[in-house]
Every structure is written in C-alpha cells, then in structure tokens.
Amino acid sequence: MIVIVGAGVSGLALGMQLSARRIPYILLESSDRVGGVVRTIELEGRSLDLGPQRLRASPELAGLRPHMGPMHEFTDDLPVLIARGGRLHPLPRSLGEALRTPAISTAGKLRAALEPFAALLPDDESLSAGAYLRRRVGREVYETFLGPLFGGLYGSDPDRMDATRTLRPGMEALGVNSFVWRLLGPRRAKGLMERSILVPADGMAALPRALLERQEHEVRLSCPVSHVGSFGGTGGFRVEAGDESIEATQVVVTTPPGPASRILREVAPALSVALGKLRMNPLALVHLDADRLPDGLGFQVAFDEPMRIRGVTFSGNLDGTGRTAVVFMGGMADPEVVDTPDAELERTAAAEFTRVTGIPARVLHLHRTAMPTWDRSWRALDDLRPPAGIHLLSAYSGRPGIIGRLREAERLARGLQRAG
Ligand SMILES: Cc1cc2nc3c(=O)[nH]c(=O)nc-3n(C[C@H](O)[C@H](O)[C@H](O)COP(=O)(O)OP(=O)(O)OC[C@H]3O[C@@H](n4cnc5c(N)ncnc54)[C@H](O)[C@@H]3O)c2cc1C
C-alpha cells in the first residue's frame, strides 16, 4: 500500500495519477478540507482566493479543465505595473516603451542596454539571484523591475536566493538568456508570454475539487500523521495517524517542511534535520474592494519605494467583478508582518493601495499564510536523498508552482509504477 501524507495539490495530483494507473493508495490529510494552500472562500457574493490567484494554461491541465467548471481565460497582454515615485508605471513591453518610461533614468537605461555584453547563464554557485541580475541589467533596472518581479514570484529576496538554483532553471526552460532584449524584442520569451491565464469562475478551489473527483482510492480528512516508523526489518513502514497505524510499502510526504521534518524523524534522521532548517516566509494577503481597478494584472513595488505592500493582484480584472484587489504583504523583506496586528496591516494595505492608484478601497478580508523562502537555507537539502521507499513531493523538493506540482506528481507516479 502507498500512503500519501497531505492532500494539497501535490498529494491530490499524485492520487489522481496513481488512480489512472490502478495503483492502490490511501491519502491522509490533517485538516478537514483538501487543497492545502489553494483555498477559496465566499464573501459578500464573491469568491476570494486565499492562496494562488490564477493558473497558466499548460498541457498538465488539459485533462482537468473539463472538471473545473466555467473558466475565465485571458491572453497575456494585460499590462504589469510597477509602483515607483508614488505612482504606477507599466512594465515596458517594447523597446520604444523602454526608452520612454519615466520610471528609469537615462543612465539606468544606458546601463541596461549593455546587457547583451554581460555574462550569460549563471554558473557560479556562490552568486545570488540579485547579484546576477544586477550584473546583467544594472542596479536601477534591477531594483525597479527585475528584482520586484522575480522576488515577487517567490515572496522572497533575490539577494538571498542562489542564482543557479532559482533563476537558471527558469531561464533555461524559457530559453531566456537576455532579459532586456528578449523581453522587449519582437520574439518575446516563448512560454512565459504566450500561455494564457486561467481563472476558474468559482475560484481556485475548483482545482483541488477536480483532483478529488478523480481519486479512486481512499482520501481521509482530519487525519494528521504524527510519524513514520520502520516495520520489523521488512523494508516496509508504519504510518502513525491518531490511534491508527497503517502499514505501507511506500510513503510520500507532501506536507510543508516543518511537519515533514517531524514525520520523518525516526525513519530518515539526517533528512529530518535538513528539513527542519528550511525557512518559510510569512505572508499576509489582504483582499480589498476597490471602487474600480486600473487596467492590468496588478503591480509590484520597486525596492526603493517606501511602502509595506510588496505586490497587488487586480483579481477583479480576471474574475469579472472589476473590483477585487489582493494585496501581498510580508515575505522576506518584512518578517515583522507576523507580529503586526491584523487591523494595522488592513489599514496600511488600503491606504497604500489608494495612495499609488488614486482609487478608494475598503478591506474585505485578511489571511495569513507562508511560502518557502527558496533562500540559501535550501542548501541543507543538498546531497540528501530519502531512504528507499520514502519520497518527498513538494514545492520545496522540486519546482514551485501548481504546474510544477502536477508535473512532478506524474513523474513520481511513473517511478512508483516501475517500482511495482
Ligand atoms: C499565497 C500563495 C500564492 C501562490 N500563488 C501561486 C500562483 O499564482 N501560481 C502557482 O502556480 N503557484 C502559486 N503558489 C504556489 C502553489 O500554490 C503551491 O506550490 C502548491 O499549491 C503547494 O501544494 P502542496 O500540495 O505541495 O503543498 P500544500 O498546499 O502546503 O499542502 C500540504 C498539505 O499537507 C497537509 N498536512 C500538513 N501536515 C500534515 C500531517 N501531519 N498529516 C497529514 N497532512 C498534513 C496540509 O494540511 C496541506 O493540506 C502560491 C502559494 C501561496 C502560499
């Protein structure tokens, strides 16, 4: 029997893949719902997403889309904005726009134009993503555009992330070896710019719902796993969950690093210590009801802008309400978010949103969550492999993001099938 621990997207996607291969499993989830960080609530007649806000159309979703209900689909030509100097500037999308943008000084533009002469893919393991990007495009374009955009994807600080681990795989996948020229030129980064954006009409919870529908084996909710032990020298395992002890031939752990470290303490002590060292960035998401929204996907904030908001998604432009904005606060730049009272975060989110957009907004909801930092604490995982029969399937053990989760679940299911 295969036991999967955690029914977020990773665990559910693996269950779906095992079902398709007719391999029996049991999926154990500690909370009373599936989806993990993917979560939608209903408030004042709208669906608010408390985790991911949208998906990129990709082949991994093809089989799931018919099960996800109605979907809004957008070609990716909505502008992305940057807050700098107290106002919003569109991210330049052509050479002409780059030359005209008032967000960057003439000296900054000239420095960025030297990019084709800078070194290509990062190969120095000691180089941070921030240092690499500054070397490529200069400090001003980095701090205004590339740093906030790249750091915003991870809620992290590029100066504390390894360039070879975090930047290089994405650059290789997209075939991007020159940001300025590739992103502004007529042949823009394939894949990144050409895949449309999908937003389920009832919110992102449509994805775990669709994954749950396609499970052929048991999914148990409110069933927290406390630890995994070896099973009498047979190579098997005992998974302890509440009063129950379940025998397993293979165990797949998909929980965040903290619980994974506790669960694996007995059966994989070195890995458990390494997992215990991985850091998470605290985040606060504040949903706003704005009188209207600027055109675009949302904005990121230049590093030198005195704001606590790190980024905003204009969800209302994608979900048909025209009014919902999701403010992201915290991340590595602002760990104090943990100790800041809800009321203060809510006030700051609404006030800063209105200051840069000029649009009045009121607070709908505040949600606290966390994301892996993908910083240098991740080196703790180097050279550590789980013992035979134990598997990690998670954003911190592989590619982050939902599509990465679906892809890796498929790969692991193939491996488990081969292992018989
Ligand atoms: C705020 C935010 C925004 C994001 N935005 C995007 C985006 O726009 N696009 C994108 O592609 N990705 C985005 N991501 C990333 C993506 O959502 C995650 O990588 C992915 O959903 C992680 O899924 P998972 O199943 O690996 O982990 P999780 O969702 O963390 O699921 C782990 C599950 O394990 C359960 N669990 C924990 N302990 C135990 C235990 N002891 N026993 C049993 N079960 C346990 C948890 O309850 C949870 O259900 C975002 C993430 C966050 C936090």
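Start at 1 and go down the list; that is how both ligands and their atoms are numbered.
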Closest non-hydrogen protein atom to [atom], residue and atom name please, with distance?
atom: atom 10 (C) of ligand 1; value: Ile402 N, 3.5 Å
atom: atom 45 (C) of ligand 1; value: Ser30 OG, 3.2 Å
atom: atom 50 (C) of ligand 1; value: Met371 CE, 3.7 Å
atom: atom 29 (O) of ligand 1; value: Val37 N, 2.9 Å
atom: atom 42 (N) of ligand 1; value: Val225 N, 3.0 Å
atom: atom 7 (C) of ligand 1; value: Pro52 CB, 3.7 Å
atom: atom 27 (O) of ligand 1; value: Thr254 O, 4.0 Å
atom: atom 8 (O) of ligand 1; value: Arg54 O, 3.8 Å

Go through ligand 1 atom by atom and flag the ones less than 4.0 Å from a non-hydrogen atom of [X].
X: Leu28; result: 43 (C), 44 (N)
X: Val5; result: 42 (N), 43 (C)
X: Pro259; result: 38 (N)
X: Pro224; result: 42 (N)
X: Gly36; result: 29 (O), 31 (O), 48 (C), 49 (O)
X: Thr255; result: 34 (O), 36 (N), 37 (C), 38 (N), 39 (C), 45 (C)
X: Gly6; result: 33 (C), 34 (O), 35 (C), 44 (N)
X: Ile263; result: 41 (N)

Margin query: With side-chain contact (heavy atoms from CB on, under 4.5 Å) as the criterion, how do Leu364 and Glu44 come out once you've worked through the C-alpha distance, each side chain's angles and the decisive distance to 0.1 Å?
Written below: CA-CA 9 Å; Leu364 289 167; Glu44 299 185 11; 3.6 Å; yes
Taking N or O atoms only and a 3.5 Å limit, does [X] qualify as a polar contact for ligand 1?
X: Leu393; result: no
X: Leu50; result: no
X: Glu29; result: yes

Applying a heavy-atom cut-off of 4.0 Å, say which part of [X] lies close to ligand 1: side chain, backbone, both or neither.
X: Arg405; answer: side chain
X: Ala370; answer: backbone
X: Ser10; answer: both
X: Leu55; answer: neither
X: Val38; answer: side chain

Check: Should the heavy atoms of other residues, nucleotides or ligands under 6.0 Å from CZ of Arg22 be counted, would the total exceed 12?
Finding: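 Check fails, neighbour count at 12 or below.
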Next item on the list: Determine yes or no for a side-chain-to-main-chain donor-acceptor pair under 3.5 angstrom, with Arg279 supplying the side chain and Met332 the backbone.
Entry: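 Answer holds: no.
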Which atom pair, heavy atoms only, marks the closest approach of [X] to [Y]?
X: Tyr132; Y: Leu127; value: CB-CD2, 3.6 Å
X: Gly203; Y: Thr40; value: C-OG1, 3.7 Å
X: Met204; Y: Ile402; value: CE-CD1, 3.8 Å

Would you call [X] and [Y] a salt bridge, taking side-chain N to carboxylate O under 4.0 Å as the test?
X: Glu410; Y: Arg414; result: yes
X: Arg134; Y: Asp159; result: yes
X: Arg84; Y: Glu143; result: no
X: Arg65; Y: Glu73; result: yes

Checklist line | NE2 on His89 to CZ on Phe145, rounded to 0.5 Å | finding: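 Rounded to the nearest 0.5 Å, the CZ-NE2 separation comes out at 7.5 Å.
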Item checked: Results of ring-ring contact (aromatic ring centres under 6.0 Å, His included) for Tyr25 - residues two or more places apart only ->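 So Tyr25 forms a ring-ring contact (aromatic ring centres under 6.0 Å, His included) with His217.
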Next item on the list: Take the angle between the ring planes of His365 and His367 and call it parallel below 30°, perpendicular above 60°, tilted in between.
Entry: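 Parallel: the ring planes of His365 and His367 meet at under 30°.
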Checklist line | Selected option - heavy-atom contact closest to atom 2 (C) of ligand 1, from Gly8, Gly51, Ser226 | finding: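 Comparing heavy atoms across Gly8, Gly51, Ser226, the nearest one to atom 2 (C) of ligand 1 lies in Gly51.
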Without placing hydrogens or testing angles, list every side-chain donor-acceptor pair under 3.5 Å for residues 265-273, not counting sequence neighbours.
from	atom 1	to	atom 2	distance (Å)
Ser272	OG	Ser261	O	2.8
Ser272	OG	Ser261	OG	3.4

Note to self: For Thr340 and Arg308, which I'm curious about, is there any donor-acceptor pair between the side chains at under 3.5 Å?
What the structure shows: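 Yes, side-chain donor-acceptor contact under 3.5 Å.
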